[in-house]
Every structure is written in C-alpha cells, then in structure tokens.
Amino acid sequence: TAQCHRYASDLPEVKNWQDWKKHPNRARVWFIKGGPGRGKSTIGQYYAQLQRAAIILQDDSLRVSANLRSLAREVKLQGEANGHWPLHPRIPIIVELRDYAYWLARAKPNSARGVATYIAQRLASATERNVTSALFLDLLKTRAWSIAFDGLDEVPQDAKSTVASEVLLFIDHVSVECDCDLFALCTSRPQGYSGQFDNIDGPTLDLVDLNAEQALACARPVLDIDRSGSEAKNSYKILRAAIVSEAVQQLMTTPLQAHIMAVVVRDGGRPPERRWQLFSNFYNVIRRREANRNLPDTDLARVLREEERILKAVHNRLGFALHASAETSSGAEASLVREDFRTLVTQTVQQLKDTDIDSTIAVLMRAAEERLVLVTTPEQKDRVRFDV
C-alpha cells in the first residue's frame, strides 16, 4: 500500500483492466471477510500501528514523549522482522462501524450524516480542536491516508444497508472528488453479511482456518511472555502434544482461540476438547487471576473469591442484554449504559443473596470501572462492555 492510491480515471473501462486494478497489490480498497476471532480487526489495528510508528520515527517535527518514540522503535523491529514495515507511511484512522451506526441513529434528520462528518467530529473530540468536515476533506488531499471500516456484521440489521451505503459513498465518490491518496479496508463476518460490499472496487479476501503449525505459532508468544525458559518450553510441549487431537485442532483454528488456549495452558490447565469448555476455562482462569491479586480493596477481593455464582450470573445476563440491544440501530454500540448495568446487577444480587445486598452491588459497580473478570468500562466510564 506504499504506492499511490489516487483513483485512476484514465484506465480503460474494460474487464481486463478492471481486474488488473482490483488485484490486492494495486487495489485502493480491500474487503476482508472472516469468522469471529480470525483477526479482521487485528489486521486493521496492526496496520494502523505500523503506520503510526513509522510516522513518529520519520517525522522529526512531531513532538512525542521518549517512551512513545521508544515504543515506536520496538514496533519497527517487529514490523521489519515480519516484512511489514512501511517505507511511505499513511495517516491511519479506524472507524468501528457499530459506533458509526450508533452515531447515525442519534443524528438529527436534517443534519450531515456522512463518514467525513463523523470522522471530523471524532477528530475534534480527540484533539480538542475545531475540526470540520471541510477541513478534514482538505487534509485528505495533503498526505497519504488509510481508513479501516471495521465490523459491518456488528451493525444492527436495520442499519446495515445505510451504513454500507455511506461507506461506499465516501470511498467511491467523496475521496475520488478530493483526489486523495487513500487506502481503505472494510471488514465483516460472513454471518450477518448480505452482500452490502459485493460491488466494492477491490478484492474480497477470505480469512481461512489456521493449520496446526500456524496455531502453535500464534500461541507461542503468549506461552513465552514473562515466563522462564523451562516454564514456556513445558507449556509449549503440552500444547504441541494436545494439538495432535483432532478435537483440539478444531478449537485452535483462529488466532483468538489459539490465544485463549495458550492462556489456559500457561495457567496450568489441560487443553479442553470442546468449545464451551475452552471459553468456560478462559473465564475461570481470568476470575482466579483477579481473585489472587493482592487487591487493596478487601471487599472486592472477597467478592471475587466467594461470589462466583453472582459473577457468572452478571456475565450471562450482560451478554444476553447486549445481544438483544444490538438487534436494533439504537443499540448499535455493543455496550450498556451504566445505569442499566446497575439495574441488571441489582436484580441479580437481590435474587441470589439474602444479606449484604447493597454492599455487594456497590462493590460490583466499583469493580466494573477497572475490570470485573471480563466486564470493563470504556474510557468515558458511562457505559459497560465485555473485554473479549
């Protein structure tokens, strides 16, 4: 993607030329499709961090902290080792389409609702500057950019077509009119996708299952980090022996599954052979880690150790509430308003406890501000969501 991706209007409009320009090496937009945990979002985030690090190290005029510059150098080492380091970096932006759908659902009927307006508002909020859509479109003309439009499958069904149409309008018309050098990336799961990006001006790339060696390669860094050589070697030996089983292989076909399996094994567990066991074991590993931490909040430590039934019930009910909410555009954001979460917690505790009800509710709400096993709050602290 280091080459210029301005729209080439002088190419003949014949099939051979159209196919030539849609090759992944030349296309100005990719559509990546893959099931849950296959790395669709990670590809966009990894690409964005490479661009960010390259810009930091390339542009002496940027004033950043020494720690950030040092982190950029570490990213460069990994990028070069993997053959992914950009020679001509792009300014990266990631647009989570469920958040865009949430914003669209709340926009006034006669207000501007396009992608450029949404990104401009996000930039204004992040930089505390007056960034208008006109200014953003002018900026697009000055440098090379990349925008990842991530997760069409997470957009509610009644908003999918609208969101996809706005994305295509931006890629096919707005960016072309600006004559900007833009590389775009769109992603979706096959489930919940019904052809909204089929006419995209680029290739559709399907993410396939990992084979056993690829799965082990994904798991190995998790087994190695902060471990002695002998500990890491023993965990890797256990996992390599287990993956011979067809059942375990089927539980390590995605990067996410490989990561979770590695977490379970490095914690001393045996590799499970059923999917529900894998995620259940992962939940239990994280809960035990939280319970065994030397927490200054003794009430929270007690709840994590002794109230396993309540913790699991809160997770189950939050998951159900988020799935139900995500079915409508007004609930497109995969999180719950804090007060609604308080109601959920209150009802759960009242049903499962006879004493210390108010104090338990207060502890659970306080814990959610940091992390309550797999429950966290985003930066703004007024909503609650899952960590995984």
Side-chain angles (χ1 to χ4, degrees), residues 1-2 39-96 99 119-131 136 139 142-148 150 183 185 217-229 231-232 255-256 259-260 262-263 266 286 289-290 292-297 335 366-383 385-388:
T1 60
K40 301 179 301 299
S41 298
T42 303
I43 289 172
Q45 292 164 2
Y46 175 67
Y47 179 84
Q49 291 302 334
L50 287 172
Q51 309 305 311
R52 183 185 184 210
I55 290 171
I56 288 172
L57 297 178
Q58 185 183 67
D59 193 339
D60 294 336
S61 66
L62 283 178
R63 296 179 62 83
V64 299
S65 68
N67 287 340
L68 190 56
R69 199 171 290 278
S70 175
L71 180 59
R73 293 192 186 98
E74 291 183 29
V75 173
K76 181 180 181 180
L77 288 176
Q78 291 298 317
E80 288 180 332
N82 294 325
H84 299 151
W85 185 247
L87 298 176
H88 303 286
R90 297 175 173 273
I91 299 173
I93 294 176
I94 294 179
V95 176
E96 293 193 18
D99 293 344
I119 292 177
Q121 290 187 14
R122 278 187 54 205
L123 291 175
S125 176
T127 62
E128 298 186 7
R129 298 288 192 274
N130 183 24
V131 182
F136 171 62
L139 291 173
T142 63
R143 293 281 296 268
W145 294 72
S146 69
I147 304 180
D150 187 38
F183 172 68
L185 181 70
C218 282
R220 186 147 207 167
V222 182
L223 300 174
D224 290 347
I225 190 169
D226 296 330
R227 309 284 298 285
S228 68
E231 289 174 327
L256 177 61
H259 181 104
I260 291 176
V263 170
R266 69 171 278 155
I286 301 301
R289 286 188 181 182
E290 292 294 294
N292 291 332
R293 287 168 58 201
N294 187 22
L295 297 171
D297 189 333
S335 58
R366 192 164 66 246
E369 292 184 2
E370 298 299 329
R371 188 176 71 194
L372 179 65
V373 190
L374 301 179
V375 178
T376 61
T377 56
E379 292 76 8
Q380 64 268 32
K381 302 294 185 185
D382 61 348
R383 304 187 72 87
R385 67 186 182 194
F386 277 124
D387 220 4
V388 176

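For reference, positions follow the sequence shown, starting with 1.
The backbone N or O of Val222 sits less than 3.5 Å from a side-chain atom of Arg266, completing a donor-acceptor pair. When atom types are taken as modelled, the side chain of Trp145 and the backbone of Ile93 share no donor-acceptor pair closer than 3.5 angstrom.
Interatomic distance, Leu68 CG to Ile56 CD1, rounded to the nearest 0.5 Å: 4.0 Å. Interatomic distance, CG of Leu50 versus CD1 of Ile55, reported as 11.0 Å (0.5 Å rounding). Between atom SG of residue Cys218 and atom CG of residue Leu223 there is a gap of 11.5 Å, rounded to the nearest 0.5 Å. Rounding to the nearest 0.5 Å gives a distance of 10.5 Å between CD1 of Ile147 and CZ of Arg90. Distance check, rounded to the nearest 0.5 Å: CZ of Arg143 to CD1 of Ile91 gives 4.5 Å.
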Donor-acceptor pairs under 3.5 Å, side chain of residues 120-129 to any protein atom, not counting sequence neighbours: which ones?
unit_1: Gln121; atom_1: OE1; unit_2: Trp103; atom_2: NE1; d: 3.0
unit_1: Arg122; atom_1: NH1; unit_2: Ile94; atom_2: O; d: 2.7
unit_1: Arg122; atom_1: NH2; unit_2: Ile94; atom_2: O; d: 3.3
unit_1: Thr127; atom_1: OG1; unit_2: Leu123; atom_2: O; d: 2.7
unit_1: Thr127; atom_1: OG1; unit_2: Arg129; atom_2: N; d: 3.4
unit_1: Arg129; atom_1: NH1; unit_2: Thr127; atom_2: O; d: 3.2

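Every residue two or more places apart in sequence or in another chain that forms a side-chain contact (heavy atoms from CB on, under 4.5 Å) with Leu57 is listed here: Arg69, Ala72, Arg73, Lys76, Trp85. Partners of Gln58 under the side-chain contact (heavy atoms from CB on, under 4.5 Å) rule, at least two apart in sequence or in another chain, are Pro89.
The minimum heavy-atom distance between His88 and Gln51, with the atom names listed, is O-OE1, 4.5 Å. For the pair Pro86 and Ala54, the tightest heavy-atom approach, listed with the atom from each and the gap, is CG-CB, 3.7 Å.
Residue Glu231 places its CD atom among more than 12 non-hydrogen atoms of other residues, nucleotides or ligands, all under 6.0 Å distant.
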